[in-house]
Amino acid sequence: MQFVDEASIIVEAGKGGNGCLSFRREKYVPRGGPDGGDGGHGGSVYLIGDDALNTLIDFKFQRFYKAQNGQGGMGRQMSGKAGEDLHVKVPVGTTVIDEDTLEVIADVTEIGQVVLVGEGGRRGLGNIHFKSSTNRAPRRTTTGTDGDRRNLRLEMKVMADVGLLGMPNAGKSTLIRSVSAAKPKVANYPFTTLVPNLGVVKLGMHEHFVMADVPGLIEGASDGAGLGLRFLKHLTRTRLLFHVVDVAPFDESDPVEAAKAIVHELGQFSPALSERPRWLVLNKFDLLPEDEREERAQKIIQALNWEGPVFRISAISSDGTDKLVQAAYRWLTEQRRLEHEDEEALAREEEMRRRMEEESVARTEARLGRRRKRDDEDDEDFDDDDYDVEVEYAP
């Protein structure tokens, strides 16, 4: 199945039914009076979080979603049937943005979460509502109102606790294969990973967390180079980042320069995301002679002025990976406990997520602004003379 994490759709709620203009005409009932019923309310459009979905590909083929209109009122004071609501399933982790106003309507982060994105039109009133002592035969009714119509942009971000960050071919996919049941493609060339991969790291009966692997970054990613920029947004929902560094790159490049480039691109993409806790994971130690391993590790740590946690692993042989995931699970558990017991810790986490969401909206606004500018420039190039066609008949 193709992985699609962005889509634009149109939703339209149902129109309310019109009120009925009717008078009671029945034998032996003189001057029966007005009996026009009300119309039915229009159906609304809702989005529902569904954990069975992991891509927005369905919205690439169907872009228009409309709820049912309300039925018009009828005589004998009978109201019309209300239009049925439309419930559209979206993956958990989907952000819903109004493309016209760039307002974030909702963030679908829970299974079964229901979000109203288009409210149905109100029903019209029948003439029975307008009778009075001075107007016993009203011919006035009201029409139903139109339902909401909105252009929406859906942006899916995978829900994970730990995100893997690093250059292409640093061993991120091998690491997630080593510690979980996920089986992303692994090969000895860059950009093997083309889409995000999720893996559940299970440590015990009730001890587990979710790890996300995204395509690797390259220098210039914040300006659109490579694949990583498009998928970096999936790391914004993580609590902890593993910065995976290849200590023995096959092209003999400098691991320190590669690590610094990643830090720079991360800060350019999202200052808030760059403030997330980040652990240094030195990978592929099995490719170095034993007497050179610690010297290489210390050289990288000192060159980066690294003061945070450091882990030395070999993902392909699983050396050191148990220690890494155990430490990550303890850290995540402690963070959840702090946020549950300490209001300040919870407020800091909410503020961090708010900043990242604002940055995400700003990036979306800039991207849509560039697209509109490009469309406007294309329209300016168009001239009425473009319709003129000269036909030349050859003998």
Open item on the list: For Arg336, is the CZ atom crowded, meaning more than 12 foreign heavy atoms sit under 6.0 Å from it?
Closed with: yes
Open item on the list: Looking at Asp107 and Lys157, is any side-chain nitrogen of the basic one under 4.0 Å from a carboxylate oxygen of the acidic one?
Closed with: no
Task: Validation row: Val162, Val210 side chains within 4.5 angstrom (heavy atoms) - done: no
Task: Aromatic ring pairing His243/Trp306, orientation class (parallel under 30°, perpendicular over 60°, tilted between) - done: perpendicular
Open item on the list: Between Arg353 and Glu351, does any NZ, NE, NH1 or NH2 come within less than 4.0 Å of an OD or OE carboxylate oxygen?
Closed with: no
- [ ] Would you check if the side chain of Thr238 reaches a backbone N or O of Ala160 as a donor-acceptor pair within less than 3.5 Å?
- [x] no
Task: Beyond-backbone contact of Ile10 with Leu152, side-chain heavy atoms, under 4.5 angstrom - done: no
- [ ] Is it possible for you to say whether Phe59 and Met156 belong to one hydrophobic cluster, with membership spreading through side-chain heavy-atom contacts below 4.5 Å?
- [x] yes
- [ ] Flag the pair Asp98 and Arg150 as a salt bridge only when some basic side-chain nitrogen lies within less than 4.0 angstrom of an acidic carboxylate oxygen.
- [x] yes
Open item on the list: Please check this pair: side chain of Arg293 against backbone of Phe285, looking for a donor-acceptor N/O pair closer than 3.5 Å.
Closed with: yes
Open item on the list: For Arg276, is the CZ atom crowded, meaning more than 12 foreign heavy atoms sit under 6.0 Å from it?
Closed with: yes
Open item on the list: Determine whether a donor-acceptor pair (N or O, by modelled atom type, separation under 3.5 Å) exists between the side chain of Asp38 and the backbone of Gly80.
Closed with: no
- [ ] Using the rule that two of Ile, Leu, Val, Met, Phe, Trp, Tyr join whenever any of their side-chain heavy atoms come within less than 4.5 Å, decide whether Leu86 and Val108 are in one cluster.
- [x] yes
Open item on the list: For the CD atom on Glu341, are there more than 12 heavy atoms of other groups (residues, nucleotides or ligands in this structure) within a distance under 6.0 Å?
Closed with: yes
- [ ] Count the heavy atoms belonging to other residues, nucleotides or ligands that lie under 6.0 Å from CZ of Arg139, then report whether that count exceeds 12.
- [x] no
Open item on the list: Do Val11 and Ile9 make a side-chain contact, defined as non-hydrogen atoms from C-beta onward lying under 4.5 Å apart?
Closed with: yes
Open item on the list: For the CG atom on Leu53, are there more than 12 heavy atoms of other groups (residues, nucleotides or ligands in this structure) within a distance under 6.0 Å?
Closed with: yes
- [ ] Could you tell me the separation between the CZ atom of Arg312 and the CG atom of Leu324, rounded to the nearest 0.5 Å?
- [x] 12.5 Å
Open item on the list: Nearest 0.5 angstrom please: Asp51 CG to Ile111 CD1, how far?
Closed with: 3.5 Å
- [ ] Determine whether more than 12 heavy atoms belonging to other residues, nucleotides or ligands lie under 6.0 Å from atom CD of Glu334.
- [x] yes
TODO: Answer whether the closest heavy-atom distance between the side chains of Val201 and His208 falls below 4.5 Å.
DONE: no
Open item on the list: With a 3.5 Å distance limit and no angle check, can you tell me whether Gln113 reaches the backbone of Thr109 through a side-chain donor-acceptor pair?
Closed with: yes
- [ ] Find out whether Thr95 and Val104 are in side-chain contact, i.e. whether some heavy atom of one side chain is under 4.5 Å from a heavy atom of the other.
- [x] yes
- [ ] Check Phe64 against Arg149 and note the closest heavy-atom contact, atom names and distance.
- [x] CE1-NH1, 3.5 Å
Open item on the list: Do Met211 and Phe242 make a side-chain contact, defined as non-hydrogen atoms from C-beta onward lying under 4.5 Å apart?
Closed with: yes
Task: Side-chain donor/acceptor of Thr142 to backbone N/O of Gly124, under 3.5 Å - done: no
Open item on the list: Students often mix this up, so state it plainly: with edges at 30° and 60°, are the rings of Trp279 and Trp331 parallel, tilted or perpendicular?
Closed with: perpendicular
Open item on the list: Would you say Ile176 ends up clustered with Leu240 if hydrophobic residues are merged whenever their side chains have heavy atoms under 4.5 Å apart, either directly or through other cluster members?
Closed with: yes
TODO: Using atom types as modelled and distance alone, determine if a side-chain donor or acceptor of Ser178 lies under 3.5 Å from a backbone N or O of Thr174.
DONE: no
Open item on the list: Between Glu207 and Lys202, does any NZ, NE, NH1 or NH2 come within less than 4.0 Å of an OD or OE carboxylate oxygen?
Closed with: no
TODO: Test side-chain hydrogen bond (donor to acceptor under 3.5 Å, both in side chains) on Asn127 and Thr141 and set out the steps.
DONE: CA-CA 5 Å; Asn127 64 335; Thr141 62; over 6 Å; no
Open item on the list: Tell me if a side-chain donor or acceptor on Thr94 pairs with a main-chain N or O of Val90 at a distance below 3.5 Å.
Closed with: no
Task: Sidechain-backbone polar pair: Asn283 side chain, Ala170 backbone, donor-acceptor under 3.5 Å - done: yes
- [ ] Decide yes or no for Met167 and Asp246: does some side-chain heavy atom of the first lie under 4.5 Å from some side-chain heavy atom of the second?
- [x] no
Task: Smallest separation among heavy atoms of Leu21 and Pro138, with atom names - done: CD1-O, 3.7 Å
- [ ] May I ask whether Leu154 and Phe61 are part of the same hydrophobic cluster, defined by side-chain heavy atoms of I, L, V, M, F, W, Y residues being less than 4.5 angstrom apart, directly or through others?
- [x] yes
Open item on the list: Tell me which one of Asp286, Thr321, Asp319 satisfies side-chain hydrogen bond (donor to acceptor under 3.5 Å, both in side chains) with Ser314.
Closed with: Asp286
